[in-house]
Amino acid sequence: MNILLTGGMGYIGSHTAILLSEAGHQVHIYDNLCNSNIDTLNRIKKITSKDIAFTNGDIRDTEKLFNTLVNEKIEIVIHLAGLKAVGESSQKPIEYYANNVQGSISLLQAMQSANIKTLVFSSSATVYGNPVYLPYDEDHPTAPTNPYGRNKLQIEEMLHDLAVSDKAWSIACLRYFNPVGAHESGLIGEDPNGIPNNLMPVIGQVVSGKLPLLNIFGDDYDTPDGTGKRDYIHVMDLAEGHLAALNWIKNNPRLHIFNIGSGKSYSVLEIIHCFEQVSSHSIPYQVVNRRPGDLPEYYASADKAKTVLGWEAKRGLSDICNDSWRWIKNPKII
Ligand code: NAD
Ligand code: UFG
């Protein structure tokens, strides 16, 4: 199928582009490179030995999107483009609403005009907010605690209204848990512009000497070792989740929500120890105050994705650390 990946040059999009291309799909990436680098395109092509089309464009440019959808004969859109830093979203809320919510409206207008009504949307576990119970299943109440999470929920609600208004739409919202790891080639991985906020990229910068140490945000949580626990999902498992979702959604109209997580949680210290083991490097750290807004622990019930999509995470923590390490120590010259 001809698939448009908005945000396809980013971390999750680039891994998904590889998998879709290897599965025989024609992939077209649409990205404004605000948090990615054009080099990634060459790396994707090198891994797949296939041509991947690319348009440098902003999702808020409805006309450019429309022209791309029509000219490339797109059949399905996977919508990953967006700003994603939780902390920054509280400092620059209007920028986040403009980029993420307005950008999604623009995409839906372009899709409607081009009569393309099949969509996979990158949502987030952050829509759930404070756990009422764990694991979070898809029926857990939603109460996001930051503008980024509210962007995701508003987009989901908009998609719901759209699917109710017009039965021709088939939409899958994938609520990702914590994507980590890298492609097994070591040629692509997470490469954020600027100083990273998330645990894995920070560990990568400590182990490669770019940062002197890791700040652990609190060791007094009600968890076995006191540090925060999360459901880390290998980015290639996540990519496989997109493939499973698009294979299923094209025959299943309306809106469907799926958690994409592993169903397990690991603490910050468990991640550090696993990384030290696979890299044979020690990771210096200090414990600092809790980060405002962090939750002690959460993880997914991924039963719905398994039952309905036939998808489940196959890779474990040592795969995550090994693949991340291969990417981090790669000299990054193509
Ligand atoms: P990323 O920043 O690596 O990739 C996002 C891509 O979107 C970038 O290449 C960026 O240049 C592009 N982009 C942003 N705004 C754009 C715009 N207006 N027009 C065109 N392109 C634009 O992020 P990622 O980790 O790959 O995340 C992809 C999606 O998954 C995002 O929507 C994010 O909110 C969501 N998500 C990510 C995580 C995570 O922890 N990484 C968790 C849950 C959900
Ligand atoms: N942590 C540290 N030190 C750091 C960075 C993180 O101790 O330098 C800890 C955090 O306190 C938390 C854990 O590592 O306990 C994971 O933190 P991340 O920042 O890596 O990830 P979050 O769980 O806060 O959030 C991520 C994404 C969100 C997404 C969410 C989905 O940043 O965009 O996962 O579950 F919505």
Side-chain angles (χ1 to χ4, degrees), residues 5-16 29-38 40 55-61 64-65 78-89 95-96 98-100 102-104 106-107 121-128 136 144 146 148-149 151-152 155 173-180 189-193 195-203 205-206 211 213-219 221 223 227-233 235 238 242 259-261 265-269 271-272 285-300:
L5 254 68
T6 72
M9 295 288 276
Y11 172 46
I12 298 166
S14 55
H15 291 79
T16 304
I29 292 177
Y30 186 100
D31 197 305
N32 68 358
L33 301 177
C34 70
N35 195 36
S36 48
N37 194 301
I38 191 71
T40 301
T55 298
N56 186 341
D58 195 298
I59 50 168
R60 286 165 291 179
D61 186 340
K64 192 169 196 172
L65 261 177
I78 301 184
H79 177 33
L80 302 117
L83 302 176
K84 62 161 183 177
V86 172
E88 188 185 57
S89 76
E95 212 171 284
Y96 270 67
N99 198 79
N100 296 349
Q102 200 175 317
S104 298
S106 164
L107 170 68
F121 171 60
S122 298
S123 190
S124 168
T126 199
V127 298
Y128 292 119
Y136 290 133
N146 53 69
Y148 167 73
N151 289 171
K152 290 293 183 196
I155 298 164
C173 291
L174 305 185
R175 291 178 175 165
Y176 310 156
F177 281 66
N178 287 48
V180 286
E190 189 164 14
D191 195 9
N193 292 343
I195 300 164
N197 304 299
N198 297 122
L199 180 63
M200 271 297 188
V202 174
I203 288 182
Q205 296 211 350
V206 172
L211 286 174
L213 51 73
L214 168 75
N215 288 320
I216 296 184
F217 298 136
D219 67 352
Y221 284 110
T223 59
T227 65
K229 295 187 77 181
R230 293 289 180 275
D231 182 334
Y232 295 96
I233 168 112
V235 66
L238 187 55
H242 290 81
N259 284 342
I260 301 290
S265 69
Y266 292 102
S267 73
V268 177
L269 285 172
I271 301 284
I272 292 174
Y285 63 81
Q286 64 182 359
V287 177
V288 298
N289 288 338
R290 292 180 178 193
R291 184 170 62 178
D294 270 354
L295 296 167
E297 177 178 21
Y298 58 84
Y299 54 99

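Order of appearance sets the numbers: ligands from 1, and atoms from 1 within every ligand. Note that the numbering runs from 1 along the sequence shown for the chain.
- Side-chain polar atoms of E297 and S265 form a donor-acceptor pair below 3.5 angstrom.
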Passes side-chain contact (heavy atoms from CB on, under 4.5 Å), I12 versus L238? Steps please. CA-CA 8 Å; I12 298 166; L238 187 55; 3.9 Å; yes
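- Between the side chains of Y176 and S122, at least one donor N or O lies within less than 3.5 Å of an accepting N or O.
- Among protein residues, K84, V86, S124, A125, T126, Y148, Y176, F177, N178, N197, N198, L199, V202, L214, N215, I216, F217, G228, R230, Y232, V268, R291, D294, Y298 come within 4.0 Å of ligand 2, judged on heavy atoms.
- Side-chain contact between L107 and L65 is present, with heavy atoms from C-beta onward closer than 4.5 Å.
- Listed by chain and residue number, nothing satisfies the ring pair (Phe, Tyr, Trp, His ring centres under 6.0 Å) test with Y96 (two or more places apart in sequence, or in another chain).
- Listed as neighbours of ligand 1 are G7, M9, G10, Y11, I12, D31, N32, L33, C34, N35, S36, G57, D58, I59, R60, L80, A81, G82, K84, N99, S122, S123, S124, Y148, K152, Y176, F177, P179, each bearing a heavy atom under 4.0 Å from the ligand.
- Annotation: Y30 is not in aromatic contact with H79 [ring centroid separation under 6.0 Å not met].
- Using a cut-off of 4.0 Å between Lys/Arg side-chain N and Asp/Glu carboxylate O, R60 and E95 are scored as not salt-bridged.
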After noting the C-alpha distance and the side-chain angles of I29 and T55, does the key distance pass the side-chain contact (heavy atoms from CB on, under 4.5 Å) rule? CA-CA 6 Å; I29 292 177; T55 298; over 6 Å; no
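- Y298 meets the ring pair (Phe, Tyr, Trp, His ring centres under 6.0 Å) test with Y136; sequence neighbours excluded.
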